[in-house]
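Beneath this line is the structure, given in structure tokens, with notes to follow.
Quick note: residue numbers are just sequence positions, from 1.
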Amino acid sequence: HALRRPTVAAYAVFILSGVTFASWASRIPAVRDALALSPRGLGLVLLSIALGSVTAMPLAGLVVARVGTTRTVAVAALVAAAGLAVAGAGDRWGVTAVVLGLFALGAGNGTWDVAMNVEGAAVERERRRPLLPRLHAGFSVGTVVGALGGALTVALGVPTAVHLGAVAVVVAVAAPLAARGFLPRGAAPEDGPRPHPLGAWRERRTLLVGVFVFAAAFTEGTGNDWLGVAMVDGHGAGAALAALALAAFLAAMTLGRWFGPALIARHGRIASVRMLGVVALAGLALVVWGPALPVAIAGAALWGLGTALGFPVGMSAAGDDAAHAAGRVSVVATIGYVAFLAGPPLIGMLVAHTGILRALTLTAGLVALGLLVSGALRPPPASPPTSPGVGRRPA
């Protein structure tokens, strides 16, 4: 009962983060049309949100270590909300305002992402059972809510500035209020030496966990960005069936994250991610070499299920030790976000030379890499033997 409030608070900030991201994404076409941006121009504008995140994430560990997760989420949410509102008003204020707003949105969301994962790992430690996969499922639920809200406001003719401004107000109020329910000091030890967060960049295990998360993020991001194209160009699907394949991918991933903690509790985090890694490889094989479209759609679902636990379990592994959690989660999140940025253009370059289906075989190579380094997910010796995700059986 004592942990109910921190658990609900963690769910709330994950959901709100998803709402913020998807609300902006739902309005990208409207902003593009209002500013008459070319595809190249839109790409450059959208790059600003990535730059904001990549700039903030490496420093987020320092912030969390100094002021705690509650204050970090509160301030980062305000920055993200302000950026969202400014970007939404870009059709009135011009492309410079959109770029500045998106940079702030990226910086706020990047810092927010690190802090909420540190908090989620802390709640895991206190509950002594896996939680982060379900929190990431909450983020997915938030993206659905944000996307549906965007679709509704577009259908009703609500101006972009009004829609995103209203979301910004909700986020600016709700996220700091939710963060007040976090654990005191993120369940960090009250005394003893505090390691410098940037020192985590020199830790072999942390970097290996980062490689695992890089592989997981690359696999997830490739599915989000290229699965629909693969169905259309590789299997001759129509737009509706391509959207169905993507929906199957996302639904399976969300369900895998919601029910994944039970698998981790039974088998341990390493065995669980290895089992699902094999599922992801099977799904990719069906997408690439499936003889018929229904088989490829089934493969898309298996691909989504197989990627469900990689990113959240990597965050959990980074946060095993309370004293080091801020720095390690910052490092691992930064490495993972680089994969989200680098994956889509890298696949695009391969598509131009090999075709979409053959290009996706690179993703299978990343899954294999993740399986090879998954042993790094084992809790470090300093962690208590009851750390979440260790499970009843040896990992």
Side-chain angles (χ1 to χ4, degrees), residues 11-53 73-110 112-113 116 137-179 224-225 228 239-240 242-244 246-247 250-251 254:
Y11 273 116
V13 296
F14 270 83
I15 291 170
L16 286 167
S17 179
V19 169
T20 305
F21 174 80
S23 296
W24 159 250
S26 71
R27 285 293 187 157
I28 290 175
V31 173
R32 177 201 61 189
D33 294 342
L35 298 176
L37 294 172
S38 65
R40 180 175 180 272
L42 178 61
L44 291 174
V45 167
L46 295 179
L47 183 62
S48 58
I49 191 170
L51 291 175
S53 295
V73 167
V75 174
L78 292 175
V79 173
L84 182 67
V86 171
D91 55 346
R92 302 177 184 177
W93 298 345
V95 68
T96 301
V98 175
V99 169
L100 293 175
L102 290 182
F103 185 89
L105 175 60
N109 255 348
W112 183 350
D113 187 90
M116 71 184 185
F139 176 89
S140 298
V141 170
T143 62
V144 173
V145 172
L148 290 176
L152 179 62
T153 56
V154 170
L156 295 177
V158 178
T160 300
V162 174
H163 168 214
L164 296 186
V167 173
V169 171
V170 171
V171 169
V173 173
L177 284 177
N224 286 327
D225 294 325
L244 177 63
L246 180 60
L250 294 172
T254 302

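A pairwise comparison of heavy atoms in Ala80 and Asn109 identifies CB-N, 4.1 Å as the closest pair. Considering every non-hydrogen atom in both Ser17 and Phe139, the closest pair reads OG-CE1, 3.5 Å. Minimum interatomic distance between Ala175 and Ala77 (heavy atoms only, all atoms of both residues): CB-CB, 3.5 Å. Minimum heavy-atom separation, His163 to Ser26: CE1-OG, 3.8 Å. Closest non-hydrogen pair, Val98 versus Ala87, comes out as CG2-O, 3.8 Å. Pairing each heavy atom of Ala76 with each of Gly108, the nearest pair is CB-O, 3.4 Å.
Within the 3.5 Å criterion, the main-chain N or O of Gly106 finds a donor-acceptor partner in the side chain of Ser53. Of the possible polar contacts, one joining the Thr254 side chain to the Leu250 backbone as a donor-acceptor pair under 3.5 Å is found.
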Open item on the list: Using the rule given for side-chain contact (heavy atoms from CB on, under 4.5 Å), can you reason through Val167 versus Trp24, listing the C-alpha separation, both sets of side-chain angles and the distance that settles it, and then say yes or no?
Closed with: CA-CA 9 Å; Val167 173; Trp24 159 250; over 6 Å; no
- [ ] List the steps, then state whether side-chain contact (heavy atoms from CB on, under 4.5 Å) holds for Val171 with Leu84.
- [x] CA-CA 10 Å; Val171 169; Leu84 182 67; 5.5 Å; no
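Here Phe103 contributes atom CZ and Leu47 contributes atom CG; the two are 10.5 Å apart, rounded to the nearest 0.5 Å. Rounded to the nearest 0.5 angstrom, Trp112 CH2 and Leu78 CG are separated by 9.5 Å.
Residue Phe21 places its CZ atom among 12 or fewer non-hydrogen atoms of other residues, nucleotides or ligands, all under 6.0 Å distant.
With Leu105 as the partner, the side-chain contact (heavy atoms from CB on, under 4.5 Å) test is satisfied by one option alone out of Ile49, Val79, Leu100: Ile49. A side-chain contact (heavy atoms from CB on, under 4.5 Å) with Ser23 holds for exactly one of Leu164, Thr143, Thr153, Val145; it is Leu164.
Checked against ring-ring contact (aromatic ring centres under 6.0 Å, His included), Phe14 has the following partners two or more places apart in sequence or in another chain: His136.
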